[in-house]
Amino acid sequence: MSFEIPGVLWRRDPQAAEVPLVFDSPHSGTTYPGDFQFCCPLEVLRTAEDTHVDELYSAAPALGATLIGAVFPRSYLDPNRAVEDLDSALIDGTWPSALAPSHKTRSGLGLVRRVARTGIPIYDRKLGVDEILARLERCHTPYHRVLDEACRHAHRKFGVVWHVNCHSMPSQRSGKKGGHCADFVLGDRDGTTCEPEFTEFVARELRRRGYTIRINEVYKGVEIVKRQGRPAMDRHSLQIEVDRVLYMDQKTLEKSPGFDRLQADITELIEAIKGFVVARLEERKGR
Ligand SMILES: [Zn+2]
């Protein structure tokens, strides 16, 4: 049974024999809510999206996995941030609980973003406490609830679950950031959100297809893998970032000719991960 919360998220359930494998795409939403009231140009705001990432992984349900995608844009509210990761300078009034702004918030990229990109503010106003609380209730809470339910369901049924948190990153090939140029960056928060074998397996499968990989560099994984990853309890969670230059024009956000090849490779990756999961389930049975 698949379902949708209009304007918020959708969940596509396995269309083949189910495996305990859940994918989610928290940043590919492109439906800008009417109450957003941003002041920067939409085309600049849209560069915050992981545009088309949900589509790159769209084969997951046909292969027996669950796929969840956000519909709201990440610049409206970021489900990959903790609810305390807020900038008090952005709030008109007093926040009802303690805040814990991370370095992301300090650079304007927290739960509620202050900037579309460096130097371009999203708002010409402060946001009301009720306005932010409403965004949390409407987007953040159900997103985490639906993802958590999907992972718990699989874990209950199979005793173990593997979750893949899917993102894309602005291309760093311009060389400005130097040294961190890779096609994919895998993040398991320095080995704390999944068994190391899973990270290594995914890295190996991508390398086999000719991609360059970095692990836990720049993109280590944030709130979503932190919440879902409990390797000691057989709940494994891995973040995958892919360089946007491989599949889209970073100015127009249109798919590039490379999209089809990348999507086909990601479909093969999902099949390989499914093989990993099935083999692990067999091993567990034999124990
Ligand atoms: Zn992302």
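Whatever order the structure lists them in is the order used to number ligands and atoms, beginning at 1.
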Worksheet item: Under 4.0 Å between a Lys/Arg side-chain N and an Asp/Glu carboxylate O for R152 and E149?
Response: no

Worksheet item: Can you name the N/O/S atom of D50 that is nearest the Zn ion (ligand 1)?
Response: OD2

Item to complete: Taking only Lys NZ, Arg NE, NH1 and NH2, and the carboxylate oxygens of Asp or Glu, determine whether E271 and K274 approach each other closer than 4.0 Å.
Response: no

Worksheet item: Under 3.5 Å, side chain of T105 to main-chain N/O of D85, donor-acceptor pair present?
Response: yes

Worksheet item: Looking at H167, which of its N, O or S atoms is the nearest one to the Zn ion (ligand 1)?
Response: ND1

Worksheet item: Between F198 and F276, is the gap from one ring center to the other below 6.0 Å?
Response: yes

Worksheet, complete the sentence: The atom name of the N, O or S atom in H27 nearest to the Zn ion (ligand 1) is ND1

Practice prompt. Look at E241 and state whether any of its N, O or S atoms is less than 2.8 Å from the Zn ion (ligand 1).
Written response: no

